[in-house]
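Since we're looking at a predicted model, the values are computed, not measured.
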2 protein chains.
Amino acid sequence: MNIGQASKASGVSTKMIRYYDEIGLVRPASRTESNYREFDEREINELRFIRRARSLGFSMPEITQLLSLWRDRERPSREVKAIAQKHLGELDARIAEMQTMADTLRHLSHCCAGDDRPDCPILADLTGGAQPAEPKSADVRRR
Amino acid sequence: MNIGQASKASGVSTKMIRYYDEIGLVRPASRTESNYREFDEREINELRFIRRARSLGFSMPEITQLLSLWRDRERPSREVKAIAQKHLGELDARIAEMQTMADTLRHLSHCCAGDDRPDCPILADLTGGAQPAEPKSADVRRR
DNA sequence: ATGGACCTTCCCATGATGGGAGGGTCAAGG
DNA sequence: CCTTGACCCTCCCATCATGGGAAGGTCCAT
């Protein structure tokens with residue numbers, strides 16, 4: 001199986017397959033005499049594994065760890081779970097951060113008339129209460 | 001005011017101030033005869049504006065637009081609101097995506113014993129039901 | 001044997017940010 | 001006046017995962 005077929009079978013672009021090869025994430029696939037990469041079922045499964053892990057937001061270093069645990073039939077599931085939970089924590093943290101942004105933005109947007117007039121609470125917030133005059137905004141929560 | 005002071009006053013790193021200058025986000029600050037950048041209050045406010053906008057997740061192109069609206073005293077707040085709402089939509093979409101990841105991961109993690117044994121639903125999910133044997137997982141929702 | 005679809009490697013770009021080298025400038029204290 | 005240390009300048013490089021594209025080799029079906 002060559003790289004194009006491996007790509008179709010795994011859903012990973014040829015570009016990325018070569019990249020994973022380059023960084024050693026998948027073991028250097030064997031080559032034909034004309035230097036074409038050759039993939040077997042095992043490698044296709046590894047590529048699918050990587051794709052699925054990426055879709056869950058795991059970083060490449062994390063995937064490297066997960067792959068090596070996956071290859072090890074003796075692994076303790078504890079280690080896998082630890083990686084997953086660490087990642088979950090980071091995901092939750094980033095979600096919370098973005099949620100804060102979104103909430104603030106929703107509030108500001110809600111307060112903005114959105115008409116022809118120039119007055120705009122969104123710009124006012126970005127300005128930070130400063131600029132021309134008095135900085136006496138109280139309830140527009142800012143971090 | 002030189003770049004170091006501007007950095008302290010605005011909370012933007014000197015590196016980033018130079019970058020914003022380079023990409024034309026802040027108008028090329030005036031220079032002293034020894035080629036030092038000089039900043040006035042207006043530019044400090046623009047830097048603060050950028051910092052606040054970044055903290056709300058706006059991209060540089062969006063900030064470019066916001067800044068030009070901010071400079072224009074005749075702007076219709078409609079335009080500002082449109083940018084904010086577009087960004088809000090993107091934020092919400094990314095949050096939903098990450099939330100899906102986190103939920104899946106939470107579920108898998110919950111189902112994983114996390115002990116010395118090698119059996120691991122997390123790895124099983126990443127494997128995609130494939131590999132050695134039967135692909136008959138039904139309730140482990142996968143996208 | 002020729003053409004088209006494939007493969008290879010190498011280089012470049014992204015976006016926002018930081019690190020660091022090599023060299024000029026300024027101000028304070030001796 | 002000169003030294004010293006804290007600044008400033010520009011230029012280059014790296015990140016992380018991904019894709020685009022060029023130049024050139026290979027394979028297969030007609």
*Asks:* When we call it a touch if two heavy atoms are under 4.0 Å apart, what does B:Ser59 touch: a base, just sugar-phosphate, or nothing?
*Replies:* sugar-phosphate
*Asks:* On DNA chain C, which is the earliest and which the latest nucleotide, 5' to 3', with an atom closer than 4.0 Å to a heavy atom of chain A?
*Replies:* C:dC6 to C:dC10
*Asks:* Using the closest heavy atom to pick a nucleotide of DNA chain C for each, name whichever of B:Ser34 or A:Arg37 lands nearer the 5' end.
*Replies:* A:Arg37
*Asks:* Determine the contact category for A:Ser13: base if any of its heavy atoms lies under 4.0 Å from a base atom, sugar-phosphate if only primed atoms, P, OP1 or OP2 are that close, otherwise nothing.
*Replies:* sugar-phosphate
*Asks:* Rounded to the nearest 0.5 Å, what's the gap from CG on B:Leu108 to CG on B:Leu126? Could you check?
*Replies:* 7.5 Å
*Asks:* Rounded to the nearest 0.5 Å, what separation is found between the CG atom of A:Leu123 and the CG atom of B:Leu69?
*Replies:* 6.5 Å
*Asks:* Kindly compute the distance separating CD (A:Glu41) from CD (A:Glu43), expressed to the nearest 0.5 Å.
*Replies:* 10.0 Å
*Asks:* At the 4.0 Å heavy-atom cut-off to chain B, mark where contacts on DNA chain D begin and end, going 5' to 3'.
*Replies:* D:dC7 to D:dC11
*Asks:* Roughly how far, to the nearest 0.5 Å, is CZ of A:Arg54 from CE of A:Met16?
*Replies:* 7.5 Å
*Asks:* Do B:Arg48 and B:Asn45 get their side chains close enough for a donor-acceptor pair, meaning under 3.5 Å?
*Replies:* yes
*Asks:* Could you tell me which non-hydrogen atom of A:His87 sits nearest to which non-hydrogen atom of B:Leu105, and how far apart they are?
*Replies:* CD2-CD2, 3.2 Å
*Asks:* Is the backbone N or O of A:Ser59 less than 3.5 Å from a side-chain atom of A:Glu62, with the two atoms forming a donor-acceptor pair by type?
*Replies:* yes
*Asks:* Which is more 5' along DNA chain D, the nucleotide nearest B:Gln5 or the one nearest A:Pro61? Just name the residue.
*Replies:* B:Gln5
*Asks:* Heavy atoms within less than 4.0 Å of DNA chain D: which residues of residues 16-26 of chain A have one? Give them sorted by number.
*Replies:* A:Met16, A:Tyr19, A:Tyr20
*Asks:* Answer yes or no: are there more than 12 heavy-atom neighbours, outside B:Arg94 itself, under 6.0 Å from its atom CZ?
*Replies:* no
*Asks:* Once rounded to the nearest 0.5 Å, what's the spacing between atom CZ of A:Arg78 and atom SG of B:Cys112?
*Replies:* 10.5 Å
*Asks:* Using a strict cut-off of less than 4.0 Å between a Lys/Arg side-chain nitrogen and an Asp/Glu carboxylate oxygen, indicate whether A:Asp119 and A:Arg117 qualify as a salt bridge.
*Replies:* no
*Asks:* Relative to the 5' end of DNA chain D, which residue comes earlier, B:Lys8 or B:Arg31, by the nucleotide with the nearest heavy atom?
*Replies:* B:Lys8
*Asks:* Taking the nucleotide of DNA chain C with the closest heavy atom to each, which residue, A:Lys15 or A:Tyr36, is nearer the 5' end?
*Replies:* A:Tyr36
*Asks:* Does B:Leu25 share a hydrophobic cluster with B:Ile17, counting links as ILVMFWY side-chain heavy atoms below 4.5 Å and allowing steps through other members?
*Replies:* yes
